[in-house]
Peer 1: 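Pasting a structure here, questions to come.
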Amino acid sequence: MSKTVSDAIINVLDGLGEAGLKRFRRKLCDCKRDQGPVIRFGKVEKADADDLVLILIRTYTENGALDVAIGVLEAIGDKESAEELMDFQKSRNKSPGPSVPGDPGQHFVDLYRKDLIERVSQVDPILDSLLQRKVIQQSAYSDVRSERTSQKRMRELYEGPVKGFGVSGKDIFLEILTEHEPYLISDLKGEK
């Protein structure tokens, strides 16, 4: 079985020791992100390496978690650990964005477009989150909301904004879908 993003980050964090882990937690909350949320210190204050990785992945997705961890390690002056994660990142040789084994070139939200259009039921909270995180504009929000059914809203979302999201936008879209439709996303990923 190949090493996962979680494995790689946990391995590095375990090697930091308690003082290094404390610096990592503090710097993680101090760093300003160009995109995406900032993690509050209260959420990570007592977190161990396993908990930190879970928080990172839930907040930034796997690819984003790896980038954030590298940035924090560099910020605390641990270039060796940062390089270890950069080497892991290069060795993954994987296309950007979450994808599914066997189809390395397609993002999860593109691969499961039909299923998501048919099965997502909580479209309004998803739209609210996309607007709040500035992934869509008010005009796109209004266009999608004007449709009458969940399926038509999801189709409108795919036909308009999703086409222009790019990888980082699709990663955020997947995070939001996972937050609002966790059982559906687990089912599509084949998790139990």
Side-chain angles (χ1 to χ4, degrees), residues 4-6 9-10 25 28-29 31-69 71-72 94 96-101 106-138 140-145 147 149-192:
T4 66
V5 170
S6 294
I9 298 173
I10 287 171
R25 287 191 296 257
L28 174 63
C29 299
C31 290
K32 300 293 181 217
R33 308 278 171 254
D34 293 336
Q35 257 185 342
V38 174
I39 297 174
R40 304 229 182 272
F41 187 69
K43 194 172 184 180
V44 298
E45 184 176 11
K46 296 181 180 175
D48 62 13
D50 291 337
D51 294 334
L52 276 173
V53 170
L54 187 61
I55 292 166
L56 282 168
I57 291 174
R58 283 186 177 166
T59 306
Y60 301 109
T61 72
E62 282 191 348
N63 290 334
L66 205 48
D67 291 336
V68 169
V72 171
K94 186 177 175 187
S99 61
V100 174
Q106 203 168 19
H107 196 284
F108 181 90
V109 298
D110 293 326
L111 188 65
Y112 288 103
R113 178 184 190 275
K114 181 178 179 286
D115 293 294
L116 291 169
I117 288 172
E118 289 174 0
R119 297 173 61 189
V120 167
S121 59
Q122 302 293 322
V123 181
D124 290 345
I126 290 168
L127 287 172
D128 293 340
S129 295
L130 287 168
L131 183 63
Q132 180 184 16
R133 291 184 64 182
K134 296 181 174 41
V135 178
I136 62 172
Q137 302 297 317
Q138 183 64 48
Y141 176 89
S142 299
D143 289 346
V144 174
R145 288 261 309 146
E147 296 295 337
T149 66
S150 294
Q151 290 80 15
K152 286 182 179 179
R153 286 180 178 175
M154 284 300 291
R155 189 169 287 109
E156 178 67 24
L157 185 59
Y158 266 98
E159 293 301 317
V162 173
K163 279 186 178 178
F165 276 179
V167 174
S168 62
K170 288 178 182 179
D171 287 347
I172 293 170
F173 183 39
L174 180 56
E175 284 177 37
I176 292 168
L177 284 167
T178 303
E179 179 183 325
H180 293 287
E181 297 277 353
Y183 297 109
L184 170 60
I185 300 302
S186 288
D187 183 50
L188 294 175
K189 287 182 174 181
E191 299 170 355
K192 293 190 178 191

Peer 1: Give a yes or no on whether the backbone of Ala47 and the side-chain of Arg25 come within a donor-acceptor separation of less than 3.5 Å.
Peer 2: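 A pair under 3.5 Å: yes.
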
Peer 1: Look only at the side chain of Tyr112 and the backbone of Lys189, and say whether a donor-acceptor pair between them is shorter than 3.5 Å.
Peer 2: no

Peer 1: To the closest 0.5 Å, what do you measure between OG (Ser150) and CG (Leu157)?
Peer 2: 12.0 Å

Peer 1: Would you please say whether a donor-acceptor pair under 3.5 Å links the side chains of Tyr141 and Asp128?
Peer 2: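 Yes, a side-chain donor-acceptor pair sits under 3.5 Å.
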
Peer 1: Side chains of Ile185 and Leu174: closer than 4.5 Å at any heavy-atom pair?
Peer 2: yes

Peer 1: Judged by atom type as modelled, is there a donor-acceptor pair below 3.5 Å linking the side chain of Glu118 to the main-chain atoms of Gln151?
Peer 2: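 Side chain of Glu118 to backbone of Gln151: no pair is present.
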
Peer 1: Arg133 versus Ile176: any side-chain heavy-atom pair under 4.5 Å?
Peer 2: yes

Peer 1: Evaluate whether atom CD of Gln132 has more than 12 neighbouring non-hydrogen atoms of other residues, nucleotides or ligands under 6.0 angstrom away.
Peer 2: no

Peer 1: With a 4.5 Å heavy-atom cut-off, do Met154 and Arg119 have their side chains touching?
Peer 2: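 The answer is no, as the side chains (C-beta and beyond) never meet within the 4.5 Å cut-off.
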
Peer 1: Do Ile9 and Leu52 come close enough that some side-chain heavy atom pair is under 4.5 Å?
Peer 2: no

Peer 1: Can you find a pair of side-chain heavy atoms, one from Leu177 and one from Leu184, that are under 4.5 Å apart?
Peer 2: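 Leu177 does not reach Leu184 side chain to side chain.
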
Peer 1: Between Phe173 and Val135, does the side chain to side chain contact (heavy atoms under 4.5 Å, CB included) criterion hold? Intermediate values first, please.
Peer 2: CA-CA 8 Å; Phe173 183 39; Val135 178; 5.7 Å; no

Peer 1: Any donor and acceptor pair, going by atom type alone, linking the side chain of Arg153 with main-chain N or O of Arg145 inside 3.5 Å?
Peer 2: yes

Peer 1: Any sub-3.5 Å donor-acceptor pair from Glu181's side-chain atoms to Gln122's backbone N or O?
Peer 2: yes

Peer 1: Nearest 0.5 Å, what's the CG-CD1 distance between Leu130 and Ile172?
Peer 2: 8.5 Å

Peer 1: Do the charged groups of Glu159 and Arg113 touch, with an N to O distance under 4.0 Å?
Peer 2: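 A salt bridge links Glu159 with Arg113.
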
Peer 1: When rounded to the nearest 0.5 angstrom, what distance separates OH in Tyr183 from CG in Leu188?
Peer 2: 15.0 Å

Peer 1: Tell me whether Gln137 at atom CD has more than 12 heavy atoms from other residues, nucleotides or ligands lying less than 6.0 Å away.
Peer 2: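 No, because the 6.0 Å sphere around CD of Gln137 holds 12 heavy atoms or fewer from other groups.
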
Peer 1: Restricting to non-hydrogen atoms, name the atom on Arg40 and the atom on Cys29 that form the minimum distance, rounded to 0.1 Å.
Peer 2: C-SG, 3.6 Å

Peer 1: With rounding to the nearest 0.5 angstrom, report the CG to CG distance, Leu56 to Asp51.
Peer 2: 11.0 Å

Peer 1: Any idea which heavy atoms bring Ile117 and Tyr158 closest together, and the distance?
Peer 2: CG1-CD1, 3.7 Å

Peer 1: How close do Leu28 and Val72 get, heavy atom to heavy atom, and via which atoms?
Peer 2: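 Nearest pair, atom of Leu28 first, then Val72: CA-CG2, 3.9 Å.
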
Peer 1: Could you give the distance from CD (Glu156) to OG1 (Thr149), rounded to the nearest 0.5 Å?
Peer 2: 11.0 Å

Peer 1: Can you find a heavy atom in the side chain of His107 that is under 4.5 Å from one in the side chain of Asp171?
Peer 2: yes

Peer 1: Please report the shortest heavy-atom distance between Gln138 and Leu131, naming the atom on each side.
Peer 2: OE1-CD2, 3.5 Å

